[in-house]
Amino acid sequence: MKKILLIDGHSILNRAFYGLPDLTNYEGLHTNAVLGFLNIIFKIMDEEKPDHMCVAFDVHEPTFRHLKYSAYKGTRKPMPEELREQVPLMKEVLTAMHVTIVEKGGYEADDIIGTISRMAERNGYATVIVSGDRDLLQLATDTILVRIPKTKASGTTIENYYAKDVVEAYGVTPVQFIDMKGLMGDTSDNIPGVPGIGEKTAAKLMIEYGSMENILDHLDTVKPPRVQKNLTENMDLAVMSKDLATIKLDCELDISLDEMTIESLFNDDSYKIFKRLGFNSLLKKFGTVTETAEIDPVITLLETTEQIDGFLADKMKNIDKIGLYPIWKDGTLFGLSAAISDKEVYILSNLNGMEHDRLTENIVSATRNGMQIDILDLKEALSVFPFDESDTKVHDIGVAAYLLNPMEDVYSYDAVARDYLGATLPSEKELVGKDELNLFSFANETFQKLFAYKALIPYLVGDLLMEHLEKQEMFTLYNEIEMPTVYTLYDMEHRGIRVDRKALDDYSVKLQSRIDDLHTDIIGYAGKEFNINSPKQLGVILFEDMGLSGGKKTKTGYSTSVDVLEKIKNDHPIIPAILEYRQLTKLNSTYAQGLTAYISEDGRIHGTFNQTITATGRISSTDPNLQNIPMKLELGRLIRKAFIPEDGYVFVDADYSQIELRVLAHLSGDQVMQNAFLNHVDIHATTASEVFDVPIDQVTSLQRRNAKAVNFGIVYGISAFGLSEDLGISRKEAADYIEKYFATYKNIKSFLDRQVEEAKADGVVRTMFGRIRPVPELRSSNFMTRSFGERVAMNSPIQGTAADIIKIAMFRVNMELKKRGLKSRLILQIHDELLVETAKDEIDIVKEIMEKEMMGAADMAVPLEIGISEGDNWYDAK
DNA sequence: CTAGTCACG
DNA sequence: ACGTACGTGACTAGC
């Protein structure tokens, strides 16, 4: 038996939109409704295995259904812009999948579905209707199934109705369903119904009389009198309402069921559009990658010494640029992929030591003779090619792409090709999956493709990206800040930081014994064994079994976060025990034990610094994260004693003092705040004095602390709510603080407002050095999202400028150390702090360099000040 | 693979 | 009325 799937397009799209969080693709296109729609229909197709399908849409917006009775329209909210833009997108996706779309002026989607369902029934099809709208239940019969999906946090569940299920659930047949709706009305559909008749009365009447006509024919017998009166006075309304509620079954559609045959849902077109929309989870439905890429270079494999020498002698001559990808793993070079024209990629393999040396020598001297080199990830390539800061013709394409749009999550060859060449390429994962690189990879065609893309894409986009940077006035930023930073980060990773494994082990043992005691105590208090690390189990124990107050907060259960527990810590001794347990297990698992896993054979940790992650321009640190080693609490801070310099060295640590507020004082031009910094006064105390209107020498410590919180709040993009939460004061008080703050620092207020205005106008905000941060949230129709955008617009220029400044300081310090032939090396950057492993005989000169380069990194209206100290470990150096 | 929690600036 | 501070990364539990 043939089976057809009939989908209520707008209704499912609407369900999907509200069921999924707001997702956007790389272009900022909203995609959540489209993705949700696809997930729902794929799920149903899996279950039903239909051979025919179509999607029906209303021609006009479904917001104002039944326009002919427009007097009754208007109870629905207008469709949000984020959803509206997904309607044409959805149709585009369906068209790409060769799914039939049916829409016709004058007909609602449900009329179309009703008509086709009867067509299908007459032709002996099994029919499945999918809609989020219960109105369609009137279409259910013995062979027509109506399925209503519900998207919940836990996943999608679907209610299923044949005619008998409608009777069971509602006590009326599908046909009676229409009469019932006519009686009770439906505000969301703008069906008036009869005044005074709701669901209960309508159901009672239907059971007694069977149809609206029968009720109207026997009005005199209807009870109670009030209902009889309403019906008598509103007979027209009742009839009209029924008419409105009735789905047409006889639309004139010039379409046949044959045209709705499902074929080739997964083809090149749909593949491309899924890729464009970022529906990576759906790509696996395409099976093996078959699409023909627009970019199709001739790949030549070079394996012998003669071939490699030939390449160097012939191909490398007379070219002015090259795209490179060194193929290596775990410090071993396997080969090199080189793009020398739009269509030619050479893959060099089987490199022996001598070939390797000749190759790198050749490449380095070529660029020093003017050849441009485009590399996707330069920092990674530096372990093979010894370029340095002076090699200005070497480009990092990943970093360039990051500057042009810092909001993307990756800058892989396929992402860059998509953004700048409009080309859809298979990703690394799609090409080689989890297959590991080894010597045999060179014979493998998909690996060859991968190597080729990684060299060719940078070659193809290099000049284009530089032009974009010029146009956006970011080339100087790229060239003079970001590129030197690439080399600096490489040096820092390469150098690493020495860690005392034994110190970490001892610390861990100490923690573990206390953790064990706490565990015993907590289980004792709870009265039964449970996993304290499970927020779910913990929540149940605390708030159900033990009956503590605290209430729900998260969607999956109770929140057990610090701020919740802090509030009830005096209610029961289990709470402080849990807080301490949490603190200690965190220290143990993430730091004491976690860090030891990263110690290399040289006794040092060589983490990774990422330059293309943050939206603001900051560096991030991974494997391990060396930018969040404990500091605030003494117990955690002790971890820093395990970070030690090599023998004969000490640590010199310097951090900027209030760099973000100084940046703000400079950028805003606020004289009051600038004067505070120019006079070297305590900025938080000064702020307290102004805001709380007391002489500076009478500012209490509480007032200073509050003023400090306000200063932080300003930098984050102030809101009265956020400040009140942080300080534990009322929102009104917080608003008062903010008001007084802005009265004191008038130009700061106008500066922050200006950021938001400019972001609205340009779509981006900029740092002092021209770095951009897009703020698409400001265009949202959602209040919360928009507010977030406003805070981002206020915060990013401040945080980003501070990030620019420390990058400058960082590479200047690094370069100066190298240039002077010193043994000391920069090893860490923690946003406003630099750590230099310093030879004991170089302490004075290192301090001098750090002071000069950090304080002189930017020319501002206020001085940049630093705190600097030294020690035999990181703990003592801070 | 996501959510919750918590470490840092 | 909406329901929050800005920027990160690692670990654990539990699907």
Side-chain angles (χ1 to χ4, degrees), chain A residues 21 153-155 280-281 406 530-539 553-565 578-579 581-591 593-595 597-598 607-610 613-633 635-637 639-640 655-656 658-660 664 709-710 712-727 731 734 738 765 773 775 777 780-800 802-803 806 828-833 878:
Chain A
S154 51
N280 295 321
S281 60
F530 73 103
N531 187 343
I532 308 170
N533 289 324
S534 163
K536 196 174 155 189
Q537 294 182 32
L538 181 61
K553 234 180 99 178
T554 68
K555 41 194 148 205
T556 50
Y558 302 99
S559 169
T560 63
S561 67
V562 177
D563 22 311
V564 172
L565 298 189
I578 288 166
L579 287 169
Y581 177 88
R582 280 253 181 91
Q583 193 198 336
L584 300 195
T585 50
K586 175 88 179 180
L587 289 173
N588 199 25
S589 63
T590 304
Y591 301 103
Q593 293 177 357
L595 285 172
Y598 291 98
T608 303
F609 292 103
N610 308 106
I613 297 289
T614 70
T616 54
R618 277 189 176 179
I619 300 295
S620 89
S621 163
T622 53
D623 307 304
N625 183 352
L626 293 169
Q627 292 179 321
N628 75 344
I629 305 300
M631 173 71 197
K632 288 168 184 163
L633 300 172
L635 182 68
R637 193 172 183 159
I639 289 274
R640 293 177 176 232
D655 66 333
Y656 280 112
Q658 282 121 17
I659 187 168
E660 290 183 336
L664 177 59
V710 182
F712 268 94
I714 295 292
V715 170
Y716 292 155
I718 196 83
S719 82
F721 186 92
L723 182 64
S724 67
E725 280 291 291
D726 189 56
L727 285 178
R731 211 188 306 192
I738 294 168
V765 284
R773 156 91 195 245
V775 197
E777 293 87 354
S780 169
S781 65
N782 178 294
F783 172 85
M784 194 183 76
T785 309
R786 225 170 34 245
S787 305
F788 174 73
E790 289 169 5
R791 294 194 294 272
V792 162
M794 294 188 264
N795 168 266
S796 297
I798 304 170
Q799 188 184 123
I806 192 143
L828 286 186
Q829 185 256 45
I830 309 102
H831 308 308
D832 66 349
E833 170 187 356
K878 262 296 259 182

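Please read all numbers here as calculations on a predicted model, not as lab measurements. Note that these values count all heavy atoms, side chains included, but never hydrogens, waters or copies made by symmetry.
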In whole angstroms, how far is the P atom of C:dT12 from the OH atom of A:Y581?
-> 10 Å
Would you kindly give the CD-to-C1' distance between A:Q627 and C:dG9, to the nearest whole Å?
-> 10 Å
Assess whether one donor atom and one acceptor atom, taken from the side chain of A:S561 and the base of B:dT5, lie less than 3.5 Å apart.
->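 Per atom types, no contact qualifies.
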Under 4.0 Å between a side-chain N/O of [X] and OP1 or OP2 of [N], yes or no?
X      : N     : result
A:R582 : B:dC6 : yes
A:R791 : C:dC6 : yes
A:K536 : B:dA3 : no
A:N628 : C:dT8 : no

Taking only the side-chain heavy atoms of [X] (C-beta and beyond), determine which of [options] contains the nearest atom.
X      : options               : result
A:S589 : C:dA13, B:dA7, C:dC11 : C:dC11
A:R618 : B:dG9, C:dT8, C:dT4   : B:dG9
A:T622 : C:dA10, C:dA13, C:dT4 : C:dA10
A:N610 : C:dT8, C:dG9, C:dG3   : C:dG9
A:I613 : C:dA10, C:dT8, B:dC8  : C:dT8
A:K586 : B:dC8, B:dT5, C:dA5   : B:dT5

Searching all strands shown, indicate the nucleotide that pairs with C:dA10 (Watson-Crick or G-U wobble; both distances under 3.5 Å).
-> B:dT5
Could you work out the separation of B:dT5 and C:dA5 based on their P atoms and round it to a whole Å?
->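 Nearest-Å result for B:dT5 against C:dA5 at atom P: 13 Å.
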Could you give the distance separating B:dC6 and C:dA1 at their P atoms, to the nearest angstrom?
->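 It comes out at 33 Å once rounded to the nearest Å.
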Pairs involving residues 620-630 of chain A, ordered by first then second residue, that meet salt bridge (charged side-chain N to carboxylate O under 4.0 Å, His left out) (sequence neighbours left out) = none
